[in-house]
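Just below is one structure, and these are the notes that go with it.
All of these numbers come straight from a predicted model, not from anything done at the bench. Along the sequence shown, residues carry numbers from 1. First listed ligand is number 1; within each ligand, the first listed atom is number 1.
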Amino acid sequence: MPKTLKEEEILANHNWNEDRTSAFITTKTKRRNDSISWVVTGFTVLFFSVISFTRLTVIGQFFDDIIFNFLFGWFKYFVYLLLFFVDICIFTGIRFKFKKRFIFMLFLSFVILCWLITLILYSFQLSQNQDFSGLWQKDIFSLMFINYSEKWFINSIFYPGNFHNALHLLFKPEIRGYFNFESGGGIIGAFLTGVTAYTSIVGAFSLWFFVSYIHACWVLTGDPFYLFKAKNKRKGRSLRILSLNAKRNPNLKQRLKEAKKLEASKVQNELTKEAGIQPLKSISKWESINVFGQNIDLEEDIKTSDLTIQMPSYFKNEDKKLEDLEEINEIEDSSVDLETEEISQLIQPQYKFVSRRQRTEQELARKTALQKPSDFAINEPTANLTTSNVDEFKTITIESALEEKESLQKIKEDVKEQNSIKEHLVNNDEGDETFLNSIYEEKSLVAQDITIDFFKDDIDEINNKLIFNEVEPQIITQEENVSNPTIEENLVILETQTAKETTLLPPIIEEMKIETKKNYKLPPIDVLVQIEKDYDKDRANKEDAALKALAIDETFIQFNVNAKVVNTIIGPSVMKFEIQTKPGTKVNSVTSLENDLKLALATHNMRLEAPIPGKTLIGIEIANSFSEMVSMREIIESIPESNKDDKLLFVLGKNVLGQPLTAQLNKMPHLLVAGSTGSGKSVMINTLICSILLRAKPNEVKFIMIDPKKVELSIYSRIPHMLSPVISDMKQAANALKMVVLEMERRYESFMSLGVRNIDGYNKKVSISKKMPYHVVIIDELADLMMTGDRKAVEESIMRITQMARAAGIHLIVATQRPSVDVITGTIKTNIPTRIAFAVTTGTDSRTILDAIGAENLLGRGDMLFMPPGGGDLMRAQGAFMSDEEIEEIVDFTIAQQQAEYDDKFDGENLSNMSTKDELFGLAKEFALNKETLTTSELKGRFGIGDARAVNIMSQLEESGIIGPKNGAKPREVFRK
Ligand SMILES: Nc1ncnc2c1ncn2[C@@H]1O[C@H](COP(=O)(O)OP(=O)(O)OP(=O)(O)O)[C@@H](O)[C@H]1O
């Protein structure tokens, strides 16, 4: 069964590792010095567990009898162990956040154990007594229950006579005592044994085996029926227990590989230590296990793993994907295991190729369908539409529409005839596949280019011929209240298209239907970690600040400057001294002391603010001795309730005064973020994205993310807020920006039709289902996009988006670690007034970003200068921090509720296929097709263009199969004739 593009895309982009979830997250609680609540809790738990365990005092016996013995029987000791473990965690400050699924698995294992022990004891008792009459008794359940309750009662504190005996009968190995046959698995075991023993004792054991087998499969693979299925249909993925925190540590990975080879646990232990794992996490012998004969490749996971146990995972509500996978699996090789990550890579090339062909056919079929006679019925029968065609200028009349339909195939063949390679590819169905596959295998990129271009050219040609038909469905369907265009309107559209010799495929800009599931819930704030204030560090900073203030004053005295520190402010990462000068003292006399002050304060990262905006004071900022982490949760909690509807409000951090700082993307309306590597850009972008995810549902905000590094943003690929998976191919990225421009224009048209001026006005007028979401476009590394993409086109798209997209609700966030003028060009700078600079290396870089120096003195790790919208004064702030675990929690929370439904417009293939041809390409092609051979000079002469452009057009003509390859200095052959 053929797959759709969507399915193919999903498969291609699926990150198999993402499906694995951690069983629990451990965090270390920071405690305030004066906090004693944990001591009280710890001791209370300890006290009650000790007196219950030892059955000391009436209360202890009461607890032990009622809670532990009655419920769990002998297994109460497990429960005590658990309690003591929890107590140790309370004292040591280790917090566990368990996944519900993990807790359920543990609980079920516990129940199964209770059941087993009662079952064994019961059978043992029967065999000892030689009394098998109970085996098939109808009232087995009530007997079990009554027996158990009686024994429990007799041994409990409630039995008359037991009350005064502190350690009564506990360990008495007779019938009277808790170690009797009935009490093994507690009431849980008695209940399950009672129920299952209805079938006979053998039946009860069989049932137990079956249930525990299913449970073991579930625990180990994620699929309870794992081993009942054919190998290629198994959905589950094996349990893995990892212990290494090897993130971003390639050396460690390498060394671990060696350690694995040697199987030397000593080396592994060393590595574990080196990775900074606490003893609690050190279960390195579990690093790689073999489950049901599947070898698990640890290396693959290490780079993304800092967890202790990875749960088995499986697809929830994703049967569709699995069906596809199974099918592909069958097509490819039934022995390919779903566990192997390479599966998608294995199947992709051939699969993609088939799909492109199908797509081409679908496109053709669609165009043919558009030519139904009724489509033309409303048009004037005599209207003539002229269009510049590739091979010749052709006039299409309305009467000829039907003939056109019949001649569609002929046209296609005409176009094919234009180049010999294409003929080979298209006319021989089987041959072409084999041929392309062989090219694919040899050099996949080349093959891809050839196939895409060839098939796309087919479509281009036919599009050109039928352009007036094509225009109709694309534009009319955008707004339901716009009536079908008349033939004159078509004509206008057509003329605009042809006049421009448009550089894009006619855009298919249709409004995507965006829905949010009714019960979609925003992630709760609890997914964010609370960091408690460290009062020790606070005090140390205060003491240090007092000394530094003295040092500054002394420096002023030494240099005879009439100034002194009048105020000291301690922020999260910097302290700020406010200096007052006496009247008549030059500001320069203070600023010229910059180096002396640095010396006196023993720092090289000092920032001077002369004057402090809005004050008659001079500011000196230096790093705190101990910086304080600003938690995302803290800032989110400070956002007033009145802002709850601001979907694009995001967390920045804290200013120097320690006040929470947030900003609204729609008021900016675009943002430029720059800073050298490791300065905190990615953390800031993550806080921005997560702030929005915490506030907006998928139908309210949509993201397009461009991430050339492929690592920073890939985690968001599957969230339901995405319009496409994260784009890392730069050609696709450049085209995605063009698509955004087209979307922006579409939105403007919609606004015009309703007589509104912006997205808010539009959303107020339309029904809920038609509301437009905000679009947030994030470019994680502009430099890569500018260098490897089509620089001019990228710059132009960014310019158009930044100039116009505010009203359309489209907001751009551009980040770069190379703040040079060839990346952050003048055009980009003028159009993005809101900027954030993180630490950079030179003052020149700082100027490039902020038009002012200062960012070179920032401290890194989230220390930033924020240039607010409207050109206000620069504001120093410490960015909020989010750990990878917090991000994962938010992402998991959204994905668990709703799957991503990508917009076809931003489909990877669509983007790859968008033409980026020169504007003169059409005319150049026409010029070439009237000649036998073609040279670059001829092109230059004919169109009056420069060398570079002519060479570029020549290579585009070659790519399209119109001219042959370069052959020394000889003119290139034209394939038309
Ligand atoms: N707001 C913050 N608070 C505390 N630490 C931070 C903060 N932001 C960043 N850091 C620290 O700095 C490190 C680097 O940050 P980040 O990955 O965001 O840098 P970057 O600028 O994106 O670097 P690159 O451009 O190389 O990706 C983080 O791992 C984190 O430890």
Side-chain angles (χ1 to χ4, degrees), residues 30 245-250 275-276 303-304 306 528-531 533-534 537 571-574 605 623-624 626-636 650-656 658-663 671-691 705-716 726 728 778-787 813-820 823-824 835-841 845-846 849 855-856 858-866 875-888:
K30 280 191 188 168
N245 190 346
K247 228 182 238 180
R248 297 175 198 175
N249 191 345
K303 55 179 180 283
T304 51
D306 64 348
L528 301 172
V529 176
Q530 184 131 38
I531 302 173
K533 199 173 169 72
D534 190 332
K537 286 185 181 174
S573 57
V574 292
N605 274 333
N624 282 349
F626 299 99
S627 62
E628 180 198 319
M629 186 99 89
V630 176
S631 79
M632 171 92 169
R633 179 168 180 150
E634 203 183 337
I635 314 289
I636 294 263
F650 66 93
V651 164
L652 269 176
K654 276 185 181 175
N655 66 10
V656 183
Q659 295 160 332
L661 210 60
T662 55
L671 177 65
L672 174 67
V673 184
S676 57
T677 177
S679 55
K681 294 179 305 297
S682 307
V683 171
M684 187 256 145
I685 288 181
N686 279 317
T687 53
L688 184 146
I689 297 170
C690 290
S691 304
M705 299 187 192
I706 297 171
D707 175 18
K709 290 187 235 162
K710 297 187 187 165
V711 285
E712 299 291 0
L713 302 174
S714 56
I715 185 168
Y716 299 107
V726 174
S728 47
I778 299 174
I779 303 173
D780 191 43
E781 184 44 83
L782 179 65
D784 289 353
L785 187 56
M786 295 288 261
M787 302 304 164
I813 294 157
V814 181
T816 182
Q817 55 169 248
R818 267 179 272 164
S820 54
V823 177
I824 307 180
R835 296 172 221 159
I836 291 179
F838 286 92
V840 290
T841 39
D845 286 350
S846 175
I849 310 162
E856 73 282 9
L858 294 176
L859 308 171
R861 298 175 70 85
D863 189 17
M864 63 166 105
L865 280 173
F866 175 53
M875 202 185 291
R876 189 163 183 178
Q878 171 62 34
F881 182 78
M882 276 191 91
S883 64
D884 291 350
E885 287 77 19
E886 288 171 287
I887 298 170
E888 268 165 36

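- Under 4.0 angstrom from ligand 1, the non-hydrogen atoms of Q817 all belong to its side chain.
- Close approach to Q878 involves these atoms of ligand 1, each under 4.0 Å from a residue heavy atom: 1 (N), 2 (C), 3 (N).
- Salt-bridge check for E712 with K681: failed, with every basic side-chain N at 4.0 Å or more from each acidic carboxylate O.
- Look at G653 and you'll find every heavy atom at least 4.0 Å from all atoms of ligand 1.
- Side chain of D780 to backbone of M705: no donor-acceptor contact under 3.5 angstrom is found.
- A donor-acceptor pair under 3.5 Å is absent between the side-chain atoms of D784 and the main chain of P708, judged by distance alone.
- By the 3.5 Å distance cut-off applied to N or O atoms, M629 is not counted among the residues near ligand 1.
- Atoms of ligand 1 found under 4.0 Å from any heavy atom of S679, numbered from 1 in the order shown, are 19 (O), 20 (P), 21 (O).
- Under a 4.0 Å criterion applied to the non-hydrogen atoms of E712, ligand 1 contributes the atoms 27 (O).
- The closest approach between K709 and ligand 1 falls below 4.0 Å for a heavy atom of the residue.
- Under 4.0 angstrom from ligand 1, there are no non-hydrogen atoms of M684.
- Heavy-atom contacts of S676 reach the following atoms of ligand 1: 21 (O) (cutoff under 4.0 Å).
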Can you list the steps and then say if E781 with T816 is a side chain to side chain donor-acceptor pair (under 3.5 Å)? CA-CA 5 Å; E781 184 44 83; T816 182; 2.7 Å; yes

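- Side-chain N or O atoms of S846 include one that pairs as donor or acceptor with a backbone N or O of A855 at under 3.5 Å.
- Heavy-atom proximity to A880, at under 4.0 Å, picks out these atoms of ligand 1: 1 (N).
- Heavy atoms of G675 come nearer than 4.0 angstrom to ligand 1 in no pair at all.
- Atoms of ligand 1 found under 4.0 Å from any heavy atom of G680 (numbered from 1 in listed order, with element): 8 (N), 9 (C), 15 (O), 16 (P), 18 (O), 19 (O), 20 (P), 21 (O).
- Using a distance-only test at 3.5 Å, with no hydrogens or angles considered, a donor-acceptor pair links the side chain of R835 to the main chain of I849.
- Ion pairing between a basic and an acidic side chain is recognised when a charged N comes within 4.0 Å of a carboxylate O; R633 and E886 show no such pairing.
- Side chain of Q878 to backbone of G653: no donor-acceptor contact under 3.5 angstrom is found.
- The residue among T677, N686, V673 with a heavy atom at the shortest distance from atom 24 (P) of ligand 1 is T677.
- Without hydrogens or angle criteria, S676 side chain to A839 main chain gives a donor-acceptor distance under 3.5 Å.
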